[in-house]
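Chain letters run A, B, ... following the sequence lines, proteins first, then strands; residues in each count from 1. The figures here come from the full heavy-atom set of this structure, side chains too, leaving out hydrogens, waters and symmetry mates. Quantities reported herein were computed from a predicted structural model and do not represent experimental measurements.
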Amino acid sequence: MKQFYITTAIDYANGMPHLGHAYEKVLADVISRVRRMRGESVHFLTGLDEHGQKVQQSAERKGIEPLVFCDTMADAFKALCVKLEVSNDDYIRTTEVRHKTVVEKILQDLYDQGVIYKAKYKGFYSARAEQFLQEKDKVEGAWPEIYGEVTEISEENYFFKLSEHQDWLIDYIKTHEDFIFPKFRAKQVLEFLKEPLNDLCISRPKERLNWGIELPFDVNYVTYVWFDALINYISAVGYGSERFENCWPVDYHVIGKDILVPAHAIYWPIMLKAIGVEMPKSFVVHGWWLAAGAKMSKSTGNTVEPLDLVDTFGADAFRYFLMREMNVGQDSDFSQELFDVRYNVLANDLGNLVSRLLNMGHRYCEGTVPAMHVEEGPEKELKALWDATGPKVLELYDGLQFHTALEDIFKFIAGVNRYAEVRAPWKLAKSESAEDRKLLETSLAVMAEGLRLASVLLAPVIPSTSRRIEVLLGLPEVMAFEGQLDWSDCLKGNTLGEKVILFPRPELAKA
RNA sequence: GCCAGGGUAGCUCAGUGGCAGAGCAGAGGACUCAUAAGCCUUUGGUCGGCGGUUCGAAUCCGCCCCUUGGCACCA
């Protein structure tokens, strides 16, 4: 059976991990976890793009070999995955043999087909910046000082034929509505395709760049960027072998909006078409985090490094914030204040509810989940809220609407808190009557069940916390939604765990 | 300039033809199991502007304004 295959873009090894990297991984991870809980076999890939001029330069500045430099970067990015509880099944580095052999094979095949050809490329080159410049780099018609002397040079390079695929690609995008999410991004691609495509330069002479994969048909060149980086999506899953059929076509390429056009929506489909491989099913194009008020916080010395929040508040709180705050595809603001608001919800609504239940469970029921004896108005009302919440959240998850899904889950959690106020078990506990005793037991059982259900739904977003709640409720690990989202009395007789604070106040968290 | 996103309560945003919504912030209250948490009540909006379609428009159409981003062999 084909696996659900999902990728992130591979990160560029030149810079250290930041919020954007973290978000993309968490987003892909949450999607992966939803699929796994839906019973699918998932293959989740992320990785590192290690070739190129900037990496070469960074290594030179440090006086080390490029690969040694990349090793340290790979360690840093892998550590980020671990820190964020990202459940990737594989990690591809473009310096690995398994990747290079595929890149070389594809280049050679396309060269043999005549789809890659050699031609002269003419352009303005800045020796100081070591790069070709474009017209748009000009300021008021002149090259800015930072480029130093700019000369028009011509250079022989290899090109990949794009233009003959233009009509086909336009048609494909128009007829495959799910190809690009959100849909408005497809319009931008089509807009881009209104202009004729130029062929893509895919090589650099070794005098200018030697940290790359050598062209199999010309030792004087290395391949450049796209024919290296994009191919990771198929090299990592064994392109050319039987294993490949198990994963491809990829279900989701999760990428940032900056690399949709032209790389992923144009170059990549055409490359795949040229080598006779099926199209990806869908691109998930996310927006950016905007550091609102960044200047202000810098000047006041209160700069927040987003990833530090993971150390202070934990991976789950961080993941919850990312998923709750951002509408996938749109941009979002990031600030400490916004984070604090979301954290308070976790602590006050969810964490505190756990505290209430555990405390009363131990105090009134000897640490055991009692039976539900009655089902009256308050119970029916909460159950009805659950019946509306569960299926809706799954639907929202499937539609990548994580922000609204979380909103709905927390409306349900608020419903459980409201239920507790209505039944007020702490009052019932003072009564001697047998009826009140039954109500007391029912109310705690209902609260426990509400927590169980919420925790199952939350598992893809805050996996550790969900697991902790399950343990506190005396449950084995929940691996799937199937059979776990029905209101039941399955907790009856379970032993409750010792009281614990799931989301401590920040000042306590630091202590 | 062209293209796209956004413009709804003090803040962050849901809401695609049927009485303007949520959370947070603000105000008041009852309670006490709980992380000074939770619960109840409540203040607060010309839905960017103008025109049009419609019995009815935040929603559909046109024009305009503000804002963010993109505009190719750049990673």
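Contact annotation for A/F503: base contact, defined as any heavy-atom pair under 4.0 Å involving a base atom. Among the atoms of the strands shown, none is found under 4.0 Å from any heavy atom of A/P182. A/L162 comes within 4.0 angstrom of no nucleic acid atom, judged by non-hydrogen atoms across all strands. Contacts of A/L353 with the nucleic acid, taken as non-hydrogen atoms under 4.0 Å apart, are absent. The residue A/G351 sits close to a base: some heavy atom pair falls under 4.0 Å. Among the protein residues, A/R185 comes within range of no part of the nucleic acid, since none of its heavy atoms lies under 4.0 Å from any strand.
B/rG29 and B/rG18 have their C1' atoms separated by 36 Å, with the value rounded to a whole Å. Rounded to whole Å, the separation between the C1' atoms of B/rU8 and B/rG44 comes to 14 Å. Taking the P atom of each, B/rG56 and B/rA22 are spaced 28 Å apart, rounded to whole Å. Comparing B/rC24 with B/rC64, their C1' atoms are spaced 34 Å from each other, to the whole Å. The separation of B/rG15 from B/rA20, taken at their C1' atoms, amounts to 9 Å, rounded to a whole angstrom. Nucleotides B/rA30 and B/rU41 place their P atoms 15 Å apart, quoted to the nearest Å. Taking atom C1' on both B/rG51 and B/rA9, the two are 27 Å apart, rounded to the nearest angstrom. A distance of about 26 Å separates the P atoms of B/rC60 and B/rG23, rounded to the whole Å.
When the side chain to side chain contact (heavy atoms under 4.5 Å, CB included) test is applied to A/H264, the partners found at least two apart in sequence or on another chain are A/L230, A/Y233, A/I255, A/I259, A/F283. Partners of A/A317 under the side chain to side chain contact (heavy atoms under 4.5 Å, CB included) rule, at least two apart in sequence or in another chain, are A/F313, A/F339, A/Y343, A/L346. Taking the side chain to side chain donor-acceptor pair (under 3.5 Å) definition, one finds that A/N352 meets it with nothing, sequence neighbours left out. A/A388 is linked by a side chain to side chain contact (heavy atoms under 4.5 Å, CB included) to nothing, counting only residues two or more places apart in sequence or in another chain. In terms of the side chain to side chain donor-acceptor pair (under 3.5 Å) criterion, residue partners of A/H99 (sequence neighbours excluded) are, by chain and number, A/D228, A/S235. With sequence neighbours excluded, no residue satisfies side chain to side chain contact (heavy atoms under 4.5 Å, CB included) with A/E395.
At most 12 non-hydrogen atoms from other residues, nucleotides or ligands lie less than 6.0 angstrom from NZ of A/K174.
The interatomic distance linking A/L358 (CG) with B/rA37 (P) rounds to 19 Å, in whole Å. Distance, A/L209 CG to B/rC74 C1': 14 Å, rounded to whole Å. Atom pair A/N198:CG and B/rC74:C1' shows a separation of 15 Å (rounding to whole Å applied). Following rounding to the nearest Å, A/L350 (CG) and B/rG38 (C1') show an atom-to-atom distance of 13 Å. Put simply, CD on A/Q336 is 21 Å from P on B/rC11, counting in whole angstrom units. Atom CG of A/N359 and atom P of B/rC33 are 9 Å apart (whole Å). Between the CG atom of A/N417 and the C1' atom of B/rC40 there is a distance of 14 Å, given to the nearest Å. Between A/N344 atom CG and B/rG38 atom C1' there is a gap of 13 Å when expressed in whole angstrom units.
Contacts classified as salt bridge (Lys or Arg N to Asp or Glu O under 4.0 Å) and involving residues 342-367 of chain A (residues at least two apart or in different chains) are given here: A/E325-A/R342, A/R356-A/E421. Sequence neighbours left out, the pairs with a member in residues 8-17 of chain A that pass salt bridge (Lys or Arg N to Asp or Glu O under 4.0 Å) are A/D11-A/K25. Counting only residues at least two apart or on different chains, the ring pair (Phe, Tyr, Trp, His ring centres under 6.0 Å) pairs with a member in residues 391-415 of chain A are A/Y320-A/F410, A/W386-A/F412, A/Y397-A/F402.
If you take CD1 on A/I409 and NZ on A/K392, they are separated by 11.0 Å, rounding to the nearest 0.5 Å.
Distance from the side chain of A/A414 is smallest for B/rC39 among the nucleotides B/rA72, B/rC33, B/rC39. For A/K187, whose side chain is taken as the heavy atoms from C-beta onward, the closest listed nucleotide among B/rG5, B/rC74, B/rU35 is B/rG5.
For the side-chain contact (heavy atoms from CB on, under 4.5 Å) with A/M372, the qualifying choice from A/E449, A/K438, A/E379, A/E441 is A/E449, the only one to do so.
Dashed line: the shortest gap from a side-chain N or O of A/R204 to OP1 or OP2 of B/rC74 is under 4.0 Å. In terms of phosphate contacts, A/N348 brings a side-chain nitrogen or oxygen within less than 4.0 Å of OP1 or OP2 of B/rG38. OP1 or OP2 of B/rG38 has not a single side-chain nitrogen or oxygen of A/R418 nearer than 4.0 Å. Look at A/N327 and you'll find a side-chain N or O under 4.0 angstrom from OP1 or OP2 of B/rA14. Side-chain N/O atoms of A/K257 include none lying less than 4.0 angstrom from OP1 or OP2 on B/rA4. Applying the 4.0 Å criterion to OP1 and OP2 of B/rA36, one finds that A/R505 has every side-chain N and O outside that range. Between A/N352 and B/rG38 there is no side-chain polar atom (N or O) within less than 4.0 angstrom of OP1 or OP2.
Counting only distance, with no hydrogens or angles, the side chain of A/D316 and the backbone of A/S464 share a donor-acceptor pair below 3.5 Å. A donor-acceptor contact shorter than 3.5 Å links the side chain of A/H21 to the backbone of A/H18.
Between A/D178 and A/S282, the side chains place no donor N or O within less than 3.5 Å of an acceptor N or O (distance only, hydrogens not considered).
Along RNA chain B, the nucleotide nearest to A/K427 and the one nearest to A/F159 differ in position, and the one closer to the 5' end is contacted by A/K427. Along RNA chain B, the nucleotide nearest to A/E325 and the one nearest to A/Y12 differ in position, and the one closer to the 5' end is contacted by A/E325.
A heavy atom lying under 4.0 Å from RNA chain B marks the following residues of residues 188-195 of chain A, by number: A/Q188, A/E191, A/F192, A/E195.
Stem analysis of RNA chain B (Watson-Crick or G-U pairs, both distances under 3.5 Å, runs of at least three) returns B:1-7 with B:65-71, B:10-13 with B:21-24, B:26-29 with B:39-42, B:48-52 with B:60-64.
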Under 3.5 Å, N/O pairs linking protein and nucleotides 21-29 of chain B:
none

